[in-house]
Asks: 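Mind having a look at this structure? Questions to follow.
To find a chain, count down the sequence lines: A is the first, B the second, and so on, and within it residues start at 1.
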Number of protein chains: 4
Amino acid sequence: MIVVLKKQALERDIDALVRWAEGFNLSVNPIFGSHTTVLGFVGDTSVIDVDTVLSMPCVERVMKVQEPYKRANRKFHPEDTVVDVCGVRFGGGGPIPVIAGPCSVESEQQTTLLGERMRAAGASMLRGGAFKPRTSPYAFQGLGTDGLALLKAARLRTGLPIVSEITNPGSIEAFAEHVDLIQVGARSMQNFELLKLLGRLRKPVLLKRGFSNTIEELLMSAEYILSGGNGAVILCERGIRTFETQTRNTLDISAVPVLKRLTHLPVVVDPSHASGISALVEPLALAAVAAGADGLIIEVHQDPQNALSDGPQSVTPDQFADMMPRLRAVARAVGREL
Amino acid sequence: MIVVLKKQALERDIDALVRWAEGFNLSVNPIFGSHTTVLGFVGDTSVIDVDTVLSMPCVERVMKVQEPYKRANRKFHPEDTVVDVCGVRFGGGGPIPVIAGPCSVESEQQTTLLGERMRAAGASMLRGGAFKPRTSPYAFQGLGTDGLALLKAARLRTGLPIVSEITNPGSIEAFAEHVDLIQVGARSMQNFELLKLLGRLRKPVLLKRGFSNTIEELLMSAEYILSGGNGAVILCERGIRTFETQTRNTLDISAVPVLKRLTHLPVVVDPSHASGISALVEPLALAAVAAGADGLIIEVHQDPQNALSDGPQSVTPDQFADMMPRLRAVARAVGREL
Amino acid sequence: MIVVLKKQALERDIDALVRWAEGFNLSVNPIFGSHTTVLGFVGDTSVIDVDTVLSMPCVERVMKVQEPYKRANRKFHPEDTVVDVCGVRFGGGGPIPVIAGPCSVESEQQTTLLGERMRAAGASMLRGGAFKPRTSPYAFQGLGTDGLALLKAARLRTGLPIVSEITNPGSIEAFAEHVDLIQVGARSMQNFELLKLLGRLRKPVLLKRGFSNTIEELLMSAEYILSGGNGAVILCERGIRTFETQTRNTLDISAVPVLKRLTHLPVVVDPSHASGISALVEPLALAAVAAGADGLIIEVHQDPQNALSDGPQSVTPDQFADMMPRLRAVARAVGREL
Amino acid sequence: MIVVLKKQALERDIDALVRWAEGFNLSVNPIFGSHTTVLGFVGDTSVIDVDTVLSMPCVERVMKVQEPYKRANRKFHPEDTVVDVCGVRFGGGGPIPVIAGPCSVESEQQTTLLGERMRAAGASMLRGGAFKPRTSPYAFQGLGTDGLALLKAARLRTGLPIVSEITNPGSIEAFAEHVDLIQVGARSMQNFELLKLLGRLRKPVLLKRGFSNTIEELLMSAEYILSGGNGAVILCERGIRTFETQTRNTLDISAVPVLKRLTHLPVVVDPSHASGISALVEPLALAAVAAGADGLIIEVHQDPQNALSDGPQSVTPDQFADMMPRLRAVARAVGREL
């Protein structure tokens with residue numbers, strides 16, 4: 001950690017800072033510049049709080065040398081982590097799984113039929129929302145626990161493992177029991193109470209990036225789960241909020257290669273939520289695979305205009321089946337399978 | 001609601017759309033333009049989902065004429081709502097309350113001493129965090145329920161009503177019992193499960209704007225609480241995330257007059273979290289009062305450099321006492337008291 | 001154009017608005033809603049200024065039905081425009097040209113040698129900066145007109161058409177004479193005086209999206225050139241400014257398919273400036289081709305650490321040659337050549 | 001400057017870097033951390049380019065200790081700079097000048113009449129656009145040089161110094177001759193060719209912040225003018241682009257106190273462009289004064305709904321005269337005059 005001192009810093013304040021740092025078994029190395037003096041703190045600086053240093057009277061600025069995440073950091077875990085969800089493997093350079101399904105679970109028949117058609121088209125997991133976080137209190141909020149039951153039934157029929165979003169710490173047991181991959185939605189990425197509970201489970205977690213969270217914040221949220229003892233975390237880029245209004249969010253495609261360098265965790269992409277427009281799902285899915293994504297999660301609905309949520313961004317089963325060969329071709333072009 | 005049709009829209013698709021809309025007792029008025037046809041849906045359009053309309057094959061775009069929030073909408077409630085927290089009144093053009101206190105509650109003595117000094121300086125409420133949402137799992141997470149007890153004790157000693165942040169639906173009873181004003185933090189603004197529970201309480205709620213949520217989304221989150229039956233909602237602008245890095249967030253000062261026009265709910269400003277820099281707290285607090293804020297919430301710590309969290313943005317009790325006369329002067333300059 | 005009237009709009013103000021609109025040969029169709037009245041203006045609304053309507057006392061909001069750009073609009077020009085730069089063709093679904101070269105031209109030898117190696121690797125055009133817009137007045141500003149001469153020499157030697165950035169209307173003649181494709185940089189995208197001059201030329205223009213301009217603003221800037229009579233405009237997505245700091249900018253990959261739907265103009269992508277990191281150039285270039293880009297522009301430098309500008313984002317000629325086969329494979333996977 | 005080395009950095013690469021730095025008369029101080037080694041470069045690091053260091057094979061990250069601007073830096077010029085425009089003084093804690101006038105100059109009578117009414121209300125300078133940068137090529141582009149003549153006439157009649165925006169290096173002589181304060185608009189803040197020319201003049205410059213430029217970039221653009229020899233630069237905050245759509249831009253009110261700390265140059269605020277809504281001009285102007293602004297620039301039009309540009313954000317002369325007493329009261333409340 002590099003601490004930049006104020007020009008008018010008082011001797012005694014600097015001494016106090018140095019003693020404070022040494023109290024954490026850090027060694028302090030000063031560099032005396034022409035106008036500015038900086039102190040280099042050497043040792044395990046993760047034990048000290050940047051904010052505390054910042055509030056010392058002699059401190060102008062603090063610059064972190066080390067990433068604040070350790071367990072998620074590729075520097076300390078060079079090999080790819082492979083997350084296995086009932087036999088479907090994410091990460092490690094193997095075949096790229098495609099998760100597909102409706103935004104909201106609506107009926108057993110819908111979910112099962114969709115599941116079968118998507119499995120036939122090459123999907124390896126089934127997604128479906130039971131608890132839906134909606135901006136409006138007047139919008140459909142999901143079928144709740146009944147929805148989980150429908151998903152369970154669909155899994156029995158189709159053999160596809162299921163992923164669904166958890167929105168409330170209170171329903172953690174139900175998810176632990178019924179769902180194969182527990183999704184933390186963008187709006188819950190910093191719901192730390194929820195992350196702590198997930199850290200205690202032995203279930204894989206799909207952690208979606210908040211639409212206005214940095215890549216480092218995403219890794220810090222993963223760190224909550226990892227540090228709790230649950231190492232099965234899959235990261236998901238699903239678009240960030242920017243000034244551009246042509247798309248619901250802006251897919252941060254660079255996040256894929258950036259995350260692959262910073263962390264050993266698998267990275268999947270959700271082109272449906274990123275764009276909010278079904279016509280953009282294929283080009284963005286192709287781009288994600290080309291950029292090195294370890295998986296895709298795509299919204300499919302048999303009848304988008306009658307979907308209970310997110311119709312505009314859902315593709316039909318035919319459109320889904322139609323894009324799969326091109327996704328496979330791009331995967332092969334970059335040395336992967338799908 | 002205005003529905004823009006695609007240039008190549010098919011007759012039968014348009015008929016289907018019209019019949020669908022009429023099924024919701026909406027009347028449909030077409031306007032035939034040179035290149036484009038638009039349909040005006042008249043009636044209570046809040047019952048239909050924009051996304052569903054958007055996924056109709058003949059629809060190009062949908063433009064909302066009416067705001068999606070009703071109970072929070074000043075159009076339907078012209079008078080200011082005044083939220084009374086144990087006698088401290090927010091909104092309605094009366095005196096401007098100042099909420100002050102430490103980011104985290106650390107000890108009974110700290111909280112009580114601070115509370116007494118701030119009351120003497122003119123603060124009318126005491127803030128203090130017991131459950132702290134922290135980006136890092138390795139940072140201090142707050143004293144939890146013990147913290148609530150300390151706040152309760154401080155209220156007894158100082159007579160100041162207390163506000164504290166809730167982070168988990170599981171602790172709603174404890175907050176309902178011990179806290180006078182329940183704060184929903186920026187990261188929880190779209191924790192809809194939590195908002196639903198708060199809607200069932202008869203306790204005032206301080207709803208902070210998410211650092212990347214729009215003003216409309218803030219009002220929709222307020223709508224969750226209002227539609228649940230709890231009308232005592234205070235909105236709080238605390239800075240939004242932008243590309244600028246000189247401040248932790250960018251205080252959206254325009255949100256104050258914009259919100260005063262759109263809604264009847266009181267609007268307070270948090271200059272401490274907005275800037276993250278104690279030296280900016282006074283100028284931003286002055287600006288907030290000048291712009292028409294109905295209240296302020298300011299972080300104060302007796303010893304910022306030993307604060308367990310957010311030291312850099314906390315002012316000392318002396319700095320707080322020092323800025324109060326200038327805040328009063330600006331309040332008077334714009335026809336208010338403080 | 002849809003005009004939403006204020007709830008308390010006065011009869012006479014509405015009449016004045018209607019008469020005003022009819023003065024532009026627009027017909028006005030009212031829709032009377034439960035709480036709100038809207039007016040539909042039918043006719044060529046591009047002749048009226050939204051701001052003027054907005055400032056009428058009875059107007060609450062204005063919603064555009066038609067895009068403000070006409071010549072760039074695919075609705076009115078369904079076929080792809082193909083821009084031919086000395087035989088290198090952009091757009092129309094043909095082979096995807098790759099433009100490569102150094103950020104700044106440094107010497108004839110450098111430029112020529114680089115050009116030959118890149119041509120051998122499959123590049124079809126040579127880029128090089130002579131006038132460099134730099135944030136710091138103390139940074140290298142480019143060789144200016146000497147740089148143009150070096151580019152000209154390199155073209156002679158390599159046979160590759162050249163593209164270079166213009167920063168000043170004063171140098172338009174020099175560019176018209178020496179450069180095959182005139183680049184308008186991100187910082188000049190709304191330099192309207194410059195765009196007007198380029199509209200009068202008969203030279204192809206590479207128009208880069210400003211790092212904080214919307215897709216619609218990019219098309220409006222293209223409209224400046226097209227409406228001046230110059231139809232040879234190539235659009236370039238090169239990353240937008242967001243809150244994310246891991247990359248210099250955030251490549252808006254969605255802009256590629258969005259632009260292909262909105263306009264008939266070719267769309268190229270610059271992965272070098274989008275990321276600012278050489279290691280990200282290949283994955284982003286692959287993603288761009290997968291998403292449907294009509295071209296790529298990549299910074300290559302024989303010795304990045306001694307480049308006079310933008311070293312960190314430049315790939316070496318070997319890295320460039322190495323990525324070309326994968327770019328070709330992805331192009332083929334999506335039915336294109338490269 | 002702090003240079004963070006890669007974990008696997010090679011000895012010879014590090015040696016090369018050290019020799020390179022020493023070639024610039026910098027001394028290099030290493031700090032050996034547990035996992036990472038950092039090098040501290042001591043001396044005048046402004047002579048070296050961060051990008052070049054970043055492209056060295058052994059370098060992972062570079063952290064600047066010193067601000068990249070020197071002449072604009074308060075550290076090296078503690079006293080406020082006072083910019084005198086024909087007797088109207090900006091900065092230094094004196095009375096706060098208010099610049100007012102129409103977005104576009106439309107006629108001599110309009111400009112003169114407006115000028116007289118605003119002078120009577122307390123304005124000390126007259127603004128008016130002659131060259132208008134407009135997003136659409138089909139919108140009114142200003143009266144050009146005729147507009148400058150009208151402004152000159154208005155100055156004669158009213159005695160108010162005038163400010164107008166320059167959009168093209170080609171018109172620099174005309175501006176140097178006819179305009180008292182030359183405005184660089186938001187879209188031209190990084191038009192470096194223009195800034196270089198302004199640096200050679202002996203005329204005050206009003207430098208507006210680009211709507212998506214950082215505070216540091218604003219100071220670097222000021223540095224272009226200062227380093228050219230022209231020290232009379234006034235900075236202007238006029239709103240930045242964010243995800244919020246209720247206002248045209250988001251006024252970054254924090255930029256005022258931040259700039260006052262970082263630089264000795266005066267800082268004015270433009271509440272009209274920041275909001276784009278006339279009803280927000282007063283609250284934002286009050287906030288700006290409360291936050292410590294050294295001046296205001298406000299759009300006033302005698303008949304906003306017939307303004308040739310920016311009607312919606314213009315206040316009437318009556319509204320302007322009406323808000324002045326409140327602006328004065330707030331100025332006094334913070335120890336200033338207006």
Asks: Counting only heavy atoms closer than 4.5 Å, note whether A:Ser254 contacts chain C via side chain, backbone, both or neither.
Replies: both
Asks: I need the C:Thr242 OG1 to A:Glu244 CD distance, nearest 0.5 Å.
Replies: 13.0 Å
Asks: For C:Leu284, which atoms come within 4.5 Å of any heavy atom of chain A: side chain, backbone, both, or neither?
Replies: side chain
Asks: With a 4.5 angstrom heavy-atom cut-off, is it the side chain or the backbone of C:Ala279 that approaches chain A, or both, or neither?
Replies: side chain
Asks: Between A:Ala288 and chain C, with a heavy-atom cut-off of 4.5 Å, which part of the residue counts as in contact: side chain, backbone, both or neither?
Replies: neither
Asks: Shorter than 4.5 Å, heavy atoms on both sides: which option in C:Ala274, C:Ala291, C:Gly292, C:Ser275 has the most such pairs with chain A?
Replies: C:Ala291
Asks: Is chain A contacted by the side chain of C:Ile277, its backbone, both, or neither, given a heavy-atom distance below 4.5 Å?
Replies: side chain
Asks: Heavy-atom distance under 4.5 Å to chain C: side chain of A:Ser212, backbone, both or neither?
Replies: both
Asks: Within a reach of under 6.0 Å around CZ of C:Arg326, are more than 12 heavy atoms found that belong to other residues, nucleotides or ligands?
Replies: yes
Asks: Can you tell which of A:Glu282, A:Glu217, A:Gln246 has the highest number of heavy-atom pairs within less than 4.5 Å of chain C?
Replies: A:Gln246
Asks: Taking side chain as everything from C-beta outward and backbone as N, CA, C, O, which of these in A:Leu262 sits under 4.5 Å from a heavy atom of chain C? Side chain, backbone, both or neither.
Replies: side chain
Asks: If you count heavy-atom pairs under 4.5 Å with chain A, which of C:Thr247, C:Asn213, C:Thr245, C:Val256 comes out on top?
Replies: C:Asn213
Asks: Heavy-atom distances under 4.5 Å only: say whether C:Leu280 touches chain A with side chain, backbone, both or neither.
Replies: side chain
Asks: Which of residues 329-338 of chain C get closer than 4.5 angstrom to chain A, counting heavy atoms alone?
Replies: C:Ala329, C:Val330, C:Ala333, C:Val334
Asks: Could you grab the distance from atom CG of C:Leu251 to atom CD1 of A:Ile253, nearest 0.5 Å is fine?
Replies: 8.0 Å
Asks: Out of C:Thr250, C:Val258, C:Asp252, C:Ile215, which one racks up the most heavy-atom pairs below 4.5 Å with chain A?
Replies: C:Ile215
Asks: Report, in residue-number order, which members of residues 59-83 of chain C are under 4.5 Å from chain A by heavy-atom distance.
Replies: none
Asks: Can you see which heavy atom on A:Phe243 is nearest to which on C:Arg209, and at what distance?
Replies: CE1-NH2, 4.1 Å
